[in-house]
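What follows is a short report on a single structure.
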Amino acid sequence: MTTIRLTNSKTRRKEEFVPLDPANVRMYVCGPTVYDRAHLGNARPVVVFDTLYRLLRHVYGADHVTYVRNFTDVDDKINAEAQRRKALGRPETLEELIRERTEETIAWYHADMDALGALRPGHEPRATEFIGAMIAMIEGLIGRGHAYAVDGHVLFRVRSYKDYGALSGRSVDDMIAGARVEVAPYKEDPMDFVLWKPSDADLPGWDSPWGRGRPGWHIECSAMSYELLGDSFDIHGGGLDLQFPHHENEIAQSCCAHPQGQFARYWLHNEMLQVEGKKMSKSLGNFFTVRDLLNKGIPGEVIRFVLLSTHYRKPMDWRRGTVTAARKELRNWWFATEEVKLAAGADDTFVDALADDLNTSDAINRLRELYKAKEFSKLRASANLLGLLLPGTDPWFRPKVDDLVRGKVESVFALRQRVRAEKDYVTSDFLRAVLEVAGVTVADGKNPTWIASFAGQERGWKKLAELSEDESERFVNFDSLASIARSRHVWLSSEIDSNNNLTDGHVVIVDEVPETIDVDLLYELVRVAGYDV
RNA sequence: GGCGGGUUGGCGGAGAGGUUACGCAGCGGAUUGCAAAUCCGUGAAGACCGGUUCGAUUCCGGUACCCGCCUCCA
């Protein structure tokens, strides 16, 4: 059996992964707070842990892995949105409006993460559905002397847990010295954190032994992981920014409430995604959503590929050029493997790379070797394990050409074949340029054909008026033909930097239509394109 | 201030104490009426300063710069 090795944040070492029960490998990952569209930073752990999930299923069997990822639907930002809607005069109760908001956000989340090829976890618990479990857990903590109730609040007594800070390598005293902790009159100690807090009439609340209130942020993960996975389970994952305080507090709560258990045995943290060298975050305003990228025509599969091209424990900077390279490579793989029969299993070297602390970058490298070696069946079976080249993927790599446009292209194409037969290469080249501008690449050779062009636009050829920074979908557009005919010019535009790389900055080349091109031909083109002359 | 991560060729990005990483882009060639695609070939790196070593981009120490957490955040 494949040996999986994982870097455990708890021990700061790469360790062999040995599950408690190979027949039921259990993983919990901190999910989103469902108040808005997921940004790209949210997508990184989703894709990373989805890949781990796929690996675990591969090694232990699909029916032997339990994956839980929560939805946090108790949150001030959600409350604020519900209150905003209430203020607009909506008749529903606040609770109903909150439910409405979280329902729509969860639907977005599912749609966006599905687009990235992420499997749905086996359990997606919502905090609001586990309030009872949280209250029970809090009562247990009070009973054991690890928590105390004051004025409708319940606080966790941090000093009562001697290992507090072990995960993130901090000591309580150092943190007090840092003095960035909230001091509140009802706290015994500044480090103590909230398990339960009171809600006023404008806020959602549940009845509890301490009055109407709502849970603190950390308790939900402790309660839900206990209910669904037990007091000891294998893997707990999340973004590095959650290591402290969220995960530290989870450990304190869970270990104090269930001292007989080990809680999570392997802690995995993914490094942050950056944009322009800074962490993507709402407060910096440098975020964009997964949906934004999808709407720009970047396929989810390509986004996934980019996210997996960097090892999960390294910071990754989102850059445009990476998308272009990823798109091209994936497209090549698709063309090579689309018709191929699946191999019995994934490539061993590939699996070994993945099993070595989820080295997706190295695994992708192995895919490149398989591609080079024309081992297409193995390539596809292996890529599937990364959530790439999956059956049923929207064929983004094949430009869509509708029948009307197809007819127009065929007409011009036929026209060009005619003049080529007559060795009228001036006209032939002109028609090639015309088609290129329209987004069609003609391939001559033994069996002349055409494709709605990837190659053309990847070389930077575009219809001038349609240049836009992030436009990347390939399409056939015949609007340009009319203007060509009218002006007798072909516009070719490319993006070239000082090193002749095709990136940003626009250079416009204007080629005059050769004098020898017959005006009647131009008019015929216009008619073919469906315009009046 | 405390804790943690990063710095590799034009861009992205790995492993390994000594042999070409790889991909994208570039360049040269084959092929093509031209072009595309394809194939072949090719230049280009390891922030800085020391140390260990026969030999370090890879190990150790230090410096610089960047980033994250300590406050809701994946």
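All chains are named by letter (A, B, ...) in the order of the sequence lines, taking the proteins before the strands, and each is independently numbered beginning at 1. The structure presented is a predicted model; accordingly, all values stated were derived computationally and were not measured.
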Checklist entry - Whole Å only: how far is the CG atom of A:L268 from the C1' atom of B:A74? => result 14 Å

Checklist entry - For the pair made of CG in A:D352 and P in B:A16, what is the distance, rounded to whole Å? => result 13 Å

Item to check | Under 3.5 Å donor-acceptor pair, A:R416 side-chain atoms to B:G33 base atoms | outcome: yes

Item to check | C1' spacing across the pair B:C40 / B:G55, given as an integer number of angstrom | outcome: 34 Å

Item to check | Proximal nucleotide (of B:G2, B:A14, B:C34) relative to the A:N359 side chain | outcome: B:A14

Next on the checklist: Ignoring hydrogens, what is the shortest heavy-atom contact between A:R416 and A:S428? Give both atom names and the distance.
Outcome noted: NE-O, 3.0 Å

Checklist entry - Given B:G12, B:C67, B:G13, which nucleotide is nearest the side-chain atoms of A:Q274? => result B:C67

Checklist entry - Relative to the ring of A:Y67, is the ring of A:Y53 parallel (under 30°), tilted (30 to 60°) or perpendicular (over 60°)? => result tilted

Item to check | With sequence neighbours excluded, residues passing ring pair (Phe, Tyr, Trp, His ring centres under 6.0 Å) with A:H110 | outcome: A:F71

Checklist outcome for this item: Writing each nucleotide of RNA chain B 5' to 3' as (, ), [, ], | or . by Watson-Crick or G-U pairing under 3.5 Å yields (((((((..(((.....[...))).(((((.......)))))....(((((..]....))))))))))))....

Checklist entry - What does A:R44 touch in the nucleic acid at a heavy-atom separation under 4.0 angstrom: a base, only the sugar-phosphate, or nothing? => result nothing

Next on the checklist: What contact category does A:L242 fall into here, base, sugar-phosphate, or nothing, at under 4.0 angstrom with non-hydrogen atoms?
Outcome noted: sugar-phosphate

Item to check | P spacing across the pair B:U58 / B:G6, given as an integer number of angstrom | outcome: 14 Å

Checklist entry - Over how many whole Å does the gap from A:R368 atom CZ to B:G15 atom P extend? => result 14 Å

Checklist outcome for this item: A:N270 has its side chain closest, among B:A74, B:C34, B:A14, to B:A74

Next on the checklist: Need one value for A:F244: base, sugar-phosphate or nothing, where a base atom within 4.0 Å counts as base even if backbone is also close, heavy atoms only.
Outcome noted: sugar-phosphate

Next on the checklist: What's the gap between B:C69 and B:C60 when it is taken at their P atoms, as a whole Å value?
Outcome noted: 27 Å

Item to check | Mutual orientation of the aromatic rings belonging to A:F335 and A:F397 [parallel < 30°, tilted 30-60°, perpendicular > 60°] | outcome: perpendicular

Item to check | Nearest-angstrom distance, C1' atom, B:G29 to B:G18 | outcome: 33 Å

Checklist outcome for this item: Checking B:G68, B:U7, B:C24 against the side chain of A:N332 (C-beta onward), the nearest is B:C24

Checklist entry - With rounding to whole Å, what would you report as the distance between B:G50 and B:G43 at their P atoms? => result 30 Å

Next on the checklist: side chain to side chain contact (heavy atoms under 4.5 Å, CB included) for A:E15 and A:T11? Distances and angles first, verdict last.
Outcome noted: CA-CA 9 Å; A:E15 301 173 344; A:T11 58; 2.5 Å; yes

Checklist entry - Start at the 5' end of RNA chain B and walk down; is the nucleotide closest to A:A325 or to A:D317 reached first? => result A:D317

Next on the checklist: Expressed as a whole number of angstroms, how long is the span from A:L167:CG to B:G5:P?
Outcome noted: 13 Å

Checklist entry - Can you tell me how far P in B:U53 sits from the matching atom in B:G12, rounded to whole Å? => result 37 Å

Checklist outcome for this item: Rounded to whole Å, CG of A:D362 lies from P of B:A21 at a distance of 15 Å

Item to check | Residue pair A:M316 / A:T310: nearest heavy atoms and the distance that separates them | outcome: CE-OG1, 3.7 Å

Item to check | Nearest-neighbour nucleotide for the A:A443 side chain, B:C70, B:A14, B:A36 considered | outcome: B:A36

Item to check | A:E329 CD - B:A25 P separation (whole Å) | outcome: 9 Å

Checklist entry - Any side-chain N or O of A:K279 under 4.0 Å from OP1/OP2 of B:C69? => result yes

Next on the checklist: Need one value for A:I364: base, sugar-phosphate or nothing, where a base atom within 4.0 Å counts as base even if backbone is also close, heavy atoms only.
Outcome noted: nothing

Item to check | Validation row, ring centre A:H236 to ring centre A:Y266 under 6.0 Å | outcome: no

Checklist entry - What nucleotide among B:A74, B:C40, B:A36 has an atom nearest to a side-chain atom of A:K372? => result B:C40

Next on the checklist: Any base atoms under 4.0 Å from A:V442, or only sugar-phosphate, or nothing? Heavy atoms, all strands.
Outcome noted: base

Checklist entry - Within less than 4.0 Å of OP1 or OP2 of B:G13, is there a side-chain N or O belonging to A:S309? => result no

Next on the checklist: Regarding B:G33, can its base be found pairing with the side chain of A:S428 as donor and acceptor, where the two atoms are less than 3.5 Å apart?
Outcome noted: yes

Next on the checklist: If you apply the rule side chain to side chain donor-acceptor pair (under 3.5 Å), what do you find for A:W267 with A:Q243, and how did you get there?
Outcome noted: CA-CA 9 Å; A:W267 285 84; A:Q243 189 179 39; over 6 Å; no

Checklist entry - If you check every side-chain atom of A:N365, which of B:A74, B:C22, B:C34 has the closest atom? => result B:C22

Item to check | Upstream residue (5' side of RNA chain B) when A:H311 and A:G239 are each assigned their closest nucleotide | outcome: A:H311

Checklist entry - Among the nucleotides B:G12, B:G4, B:C72, which one has an atom lying closest to any side-chain atom of A:R12? => result B:G4

Checklist entry - Looking at the side chain of A:R319, which of B:C11, B:A74, B:C72 is the nearest nucleotide? => result B:C11

Checklist entry - Looking for any heavy atom pair under 4.0 Å, which part of the strands does A:K423 touch: base, sugar-phosphate only, or nothing? => result nothing

Item to check | Atom-pair distance (CZ on A:F335; P on B:A36), nearest Å | outcome: 17 Å

Checklist entry - What does A:G169 touch in the nucleic acid at a heavy-atom separation under 4.0 angstrom: a base, only the sugar-phosphate, or nothing? => result sugar-phosphate

Next on the checklist: Can you confirm if the aromatic rings of A:H218 and A:H247 lie within a centre distance of less than 6.0 Å?
Outcome noted: no

Item to check | Rounded distance (Å) that lies between atom P of B:C72 and atom CD1 of A:I78 | outcome: 16 Å

Checklist entry - Quick one: is A:K328 getting a side-chain N or O under 4.0 Å of the B:C24 phosphate, OP1 or OP2? => result no

Checklist entry - When the ring centroid of A:H153 is compared with that of A:W196, is the distance short of 6.0 Å? => result no

Checklist entry - For A:N70 and A:T72, what are the C-alpha separation, side-chain angles and deciding distance, and is it a side chain to side chain contact (heavy atoms under 4.5 Å, CB included)? => result CA-CA 6 Å; A:N70 66 295; A:T72 298; 3.2 Å; yes

Item to check | Nearest to side-chain heavy atoms of A:K314, which nucleotide of B:A35, B:C70, B:A14 | outcome: B:A14

Item to check | P gap between B:A47 and B:U8, integer Å | outcome: 7 Å

Item to check | B:A25 to B:G17 separation - P atoms, rounded to the nearest Å | outcome: 32 Å

